[in-house]
Amino acid sequence: MPAMLASADLLTAFVLFAFVSSITPGPNNTMLLASGVNFGVRRSVPHALGISFGFMMMVLAVGLGLGEVFKAWPPLYTVLRYAGAAYLLYLAWKIATSGPVGTAASSARKPLGFWGAAAFQWVNPKAWVMAVGAITTYTPAQGYVTNVIVIAALFALVNLPSVGVWVMFGRALRNLLQNSRWLMLFNVVMALLLVISLYPLLFVESAFS
């Protein structure tokens, strides 16, 4: 049995870490809240699934050596950080310019899909902190590879319902934001929160420095 599962205390602590880090505000949850408002629950499901899948792959990659690659070649991570900043600004612009709910323009727009959401995890500063924290703090050395797989799978299982809460919250706000002015204000605020989330991505020393 993996050491992770053999220790009830460690498992409980990790699940709590996964839950708190997944459900607290960050770029993913900000976008899911906006997606729930602008597209509803059904059209936002691929976005939520993509987040959990992409993050699971990131935890696996970090645990199996990607973090060491970035430590060996810091410029590679720098390129990733600035590419992530550019993509985050693009997503913020898309949210800020979203049209009123129920209009033809709104219906023609598409939410972020499964693969786009999965790819976004690789440029999401909060996701990197979560992945590195999970591997360095909660992964026992005994049976390391198996424990990394268990950590990644458990994180995905905890993450999906946690981020789904934000979609449901957005859907609950949808009826309150039928007024185009309130919806525009909401989308601008969500876009600004995404831009603010660039701070740790660009100005805080990375875990791989």
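Just so you know, residue 1 is the first one in the sequence shown, and it goes up from there.
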How about CE on M168, more than 12 heavy atoms from neighbouring residues, nucleotides or ligands closer than 6.0 Å, or not?
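Counting neighbours around CE of M168, 12 or fewer heavy atoms of other residues, nucleotides or ligands fall under 6.0 Å, so no.
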Apply side chain to side chain contact (heavy atoms under 4.5 Å, CB included) to L157 and list each qualifying residue two or more places apart in sequence or on a separate chain.
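L157: no side chain to side chain contact (heavy atoms under 4.5 Å, CB included) contacts found.
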Answer whether the closest heavy-atom distance between the side chains of L183 and N38 falls below 4.5 Å.
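Yes; the side chains approach each other to less than 4.5 Å.
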Do L32 and I51 come close enough that some side-chain heavy atom pair is under 4.5 Å?
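When only atoms from C-beta onward are counted, I51 and L32 do touch, with a gap below 4.5 Å.
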Might you point out which heavy atoms bring [X] and [Y] nearest each other, and give the distance in Å?
X	Y	answer
L10	P140	CD2-CG, 3.5 Å
H47	M31	CE1-CB, 3.8 Å
L112	L91	CD1-CD2, 4.4 Å

When you look at L60 and M57, which way does the side chain to side chain contact (heavy atoms under 4.5 Å, CB included) test go after all the steps?
CA-CA 5 Å; L60 283 172; M57 293 297 102; 3.6 Å; yes
I'd like to know if the side chain of N159 pairs up with that of S52 as donor and acceptor (distance under 3.5 Å, no hydrogens or angles considered).
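Yes.
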Cut-off 3.5 Å, side chains only: do Q142 and N147 have a donor facing an acceptor?
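Side-chain D/A pair, Q142 to N147: absent.
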Cluster overlap V59 with V129, hydrophobic side-chain contacts below 4.5 Å
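No; tracing contacts between hydrophobic side chains, which count when under 4.5 Å, never links both residues.
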Honestly curious: do V163 and L16 fall in one hydrophobic cluster under the side-chain, below-4.5 Å linking rule?
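Yes; L16 is reachable from V163 via cluster members.
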Rounded to the nearest 0.5 Å, how far apart are OG of S35 and CZ of R43?
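Spacing of OG (S35) from CZ (R43) equals 8.5 Å.
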Restricting to pairs with a member in residues 143-170, which pass ring pair (Phe, Tyr, Trp, His ring centres under 6.0 Å), not counting sequence neighbours?
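Residue pairs passing ring pair (Phe, Tyr, Trp, His ring centres under 6.0 Å), neighbours aside: F14-F155, F17-F155, F55-F155.
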